[in-house]
Amino acid sequence: MFALVDCNSFFASCEKVFRPDLANQPVAVLSNNDGCVVARSPEAKPLVPMQATLFSIRHLVQRGKLHVFSSNPVLYKDMSRRVIETLQHFSPEVEQYSIDEAFLGLHGFAHRDLTDYGQQIRATVQQWTGIPVSVGIASTKTLAKLAAHVAKRHLGCKGVLNFNALEEVDQVLAAIAVSEVWGIGRHLTAKLQAQGILTVLQLKQADAKRLKKQFGILVMRTVMELRGIACFPMEPVAAPKTMRIVSRSFGHVVTELSEIKEAVATYAARCAEKLRDDGLLAHQFAVAIRTSYYRPDNQYAAVRSVSLEPPTNDTATLIHAAMGLTTAAFKPGYDYLKAKVIATELTPADAVQGELFAAPTNTEKRDRLMTTIDALNRQLHPDAVKFGAMGLNPTWGLRSNYFSQRYTTHWDEIPTVQVWPLSQHCGCN
DNA sequence: TCTGGGGTCCTAGGACCC
DNA sequence: TCTGGGGTCCTAGGACCC
């Protein structure tokens, strides 16, 4: 048995935790660069579509009918950690699937009333973290995801649905579109629809062998999962990362190589930091730059990559490589909107394969420098110490006009509580 | 006007091995 | 004239997820 715990409107809920004044107000959270809506509170869902641009909803914001927030990843990551830690009280097997979802292994919990257990999970997460969640329970992960999907949308479920306690699961599956199934995306939906498979029930009853031939092993496994045969096991230990990407659109278009280089140096530094956090070294490193997708008259994209020998997570080395790659990729005369750096062929830092014929490299001093920089930046400010190539006054920076606070990770941004004099209280202490 | 960021997995096809 | 069988590894591209 599996439970899927899914945080409702996660980013919007995180913002609301620290703004009790917005309790029943419509709240939307924007993507990086304040580009478009990526999360909506229940009150905001009727007002704004997902991915609506800020421009298209500005009138609501100005009239005070909608509260928007810029993306605050540090806050969301920390709130996610709190939710996961709470869930670990309910099962020894917790698999964090995404920033706002986790699977719980419920093997050996069969003697319990699992619907009731789901309610306990929900109430505890709400009380300990302030985040509302939906819980789906079923005999496979795919079914648990669908159960959570239904639990979130039907008030009668009170946030929890256990398919195993339900008589007519097929009736429920017949009412859900096939596109809602985990693993069935846009393209597969269109192809399945063309064959008359419109609902989850129809997919469950389809010819699994034929679908395997047509769409591959994943679709067949999904069909088996819908039939209650578990094909996707719990994976409580996160697999090591295979790639690290830092990718950002600029605040506005950039035409000069020097400006793009500053941005790419900044992304490379961030990427090196991530690798050090992971304890990984990159063997392969790439830079990609491109113009806006939405300007057909101004299209250019280029990727350049290089092998790093020996593999490294040293900021200076990555910036140096990135500068060469950026120069190679750059072509004058275009309006650039986005750059990214990609580190691949990652190996654990403590298990490096040495080179037989190369002179031995001693990176101990560099490692100590990086450790010190990381410590300073963590303690003081994300770029208290930075490399000159990253520039002093970035002109390409992100827009972020509706930023809240890093309430839970920075002492000077911690929420404050107004304390009223005791005499104004209603007599209790 | 503006339209995000960061990842994983599978498949087909070619090259190559004994 | 007809020319096996069984396998691995790599890459690019496509699909999916949140």
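Every heavy atom of this structure was used, including side-chain atoms; hydrogens, water molecules and symmetry mates were not. Naming: A, B, ... by sequence-line order, numbering from 1 per chain. Computed from a predicted model, the values in this text were never measured in an experiment.
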Looking across every strand, which nucleic acid part, if any, lies under 4.0 Å from A:Ile99 by heavy atom: base, sugar-phosphate, or nothing?
nothing
Closest to the A:Trp182 side chain: B:dG6, C:dC16, C:dC17?
C:dC17
Measuring from the side chain of A:Ser247 (C-beta onward, heavy atoms only), which nucleotide among B:dG6, B:dC10, C:dC18 has the closest atom?
B:dG6
Against the side chain of A:Ser249, the closest entry in C:dC17, B:dG5, C:dA15 is B:dG5
I want to confirm an ordering. Mapping A:Leu218 and A:Phe250 to their closest nucleotides on DNA chain B, which one lands closer to the 5' end?
A:Phe250
Just to be sure I understand the geometry, which residues of residues 32-66 of chain A put a non-hydrogen atom under 4.0 Å away from DNA chain B?
A:Asn32, A:Gly35, A:Thr53, A:Phe55
A:His283 NE2 to C:dC10 P, in whole Å, measures 13 Å
Just call it for A:Ile184: base, sugar-phosphate, or nothing, with non-hydrogen atoms closer than 4.0 Å on any strand.
sugar-phosphate
Rounded to the nearest 0.5 angstrom, the CG-CZ distance for A:Leu325 and A:Arg304 is 9.0 Å
Atom-pair distance (CG on A:Leu337; C1' on B:dG5), nearest Å
13 Å
Would you mind classifying the nucleic acid contact of A:Val341 as base, sugar-phosphate or nothing, using non-hydrogen atoms under 4.0 angstrom?
nothing
Face-on cation placement of A:Arg248 at A:Phe250 ring, 6.0 Å and 45° thresholds
no
Can you find a heavy atom in the side chain of A:Asp367 that is under 4.5 Å from one in the side chain of A:Leu369?
no
Which nucleotide sits closest to the side chain of A:Ile217: C:dC17, B:dC10, C:dA15?
B:dC10
I need the NZ-P distance between A:Lys340 and B:dG7, as an integer number of Å.
10 Å
Closer than 4.0 Å, any side-chain N/O of A:Ser98 to the OP1 or OP2 of C:dC17?
no
Angle class for the A:Trp182/A:Phe103 ring planes (parallel below 30°, perpendicular above 60°, tilted otherwise)?
tilted
Apply side chain to side chain donor-acceptor pair (under 3.5 Å) to the pair A:Ser80 and A:Gln96, showing each step before the final yes or no.
CA-CA 9 Å; A:Ser80 173; A:Gln96 177 156 23; 2.9 Å; yes
Hey, does A:Phe10 reach any base, or is it just sugar-phosphate, or nothing, if we go heavy atoms under 4.0 Å?
nothing
Short side-chain N/O contact to B:dG5 OP1/OP2 from A:Ser31, under 4.0 Å
no
Protein-nucleotide distance (A:Asn72, atom CG; B:dG5, atom P), rounded to Å:
16 Å
Counting side-chain heavy atoms from CB outward, which of C:dC18, B:dG5, C:dC16 is closest to A:Lys145?
C:dC18
Nearest whole angstrom, please: distance from the P of C:dA12 to the CE of A:Met243.
12 Å
Can you tell me if A:Arg248 touches the phosphate of B:dG6, counting only side-chain N or O atoms and a distance under 4.0 Å to OP1 or OP2?
yes
Within this structure, what is the CZ-to-C1' distance between A:Arg221 and C:dA15, rounded to whole angstrom?
15 Å
Using a 4.0 Å heavy-atom cut-off, does A:Lys338 contact any base of the nucleic acid, only the sugar-phosphate backbone, or nothing at all?
sugar-phosphate
Indicate whether OP1 or OP2 belonging to B:dT3 is found under 4.0 Å from a side-chain N or O atom of A:Ser292.
no
How far does CG of A:Leu226 sit from OG1 of A:Thr140, to the nearest 0.5 angstrom?
7.0 Å
With pairs defined as Watson-Crick or G-U wobble and both distances under 3.5 angstrom, please note down DNA chain B as a dot-bracket string, | for pairing with another strand.
....||||||||||||||
Please tell me if A:His187 has a side-chain N or O lying less than 4.0 Å from either OP1 or OP2 of C:dG14.
no
Would you give the length of the straight line joining atom CE of A:Met323 to atom CD1 of A:Ile260, rounded to the nearest 0.5 angstrom?
10.5 Å
CA sep, side-chain torsions, deciding dist, call: A:Asn32, A:Ser71, side chain to side chain donor-acceptor pair (under 3.5 Å):
CA-CA 6 Å; A:Asn32 246 352; A:Ser71 183; 4.8 Å; no
A:Lys141 has an atom NZ; how far is it from atom C1' of B:dT8, in whole Å?
13 Å
Answer yes or no: is there an ion pair linking A:Arg81 with A:Asp78, defined by an N-O contact shorter than 4.0 Å?
yes
Return the value, rounded to whole Å, for the distance between atom CD1 of A:Ile342 and atom P of B:dG5.
13 Å
Electrostatic pair A:Glu95:A:Lys141 at N-O distance under 4.0 angstrom
yes
Measure from the ring centre of A:Tyr293 to the centre of the six-membered ring in the base of B:dT3, then say whether that distance is under 5.5 Å and the planes meet at under 30°.
no
Is there a side chain to side chain contact (heavy atoms under 4.5 Å, CB included) between A:Asn377 and A:Val385 once you walk through the steps?
CA-CA 6 Å; A:Asn377 287 346; A:Val385 180; 3.8 Å; yes
Are OP1 or OP2 of B:dT3 and a side-chain N or O of A:Arg399 less than 4.0 angstrom apart?
yes
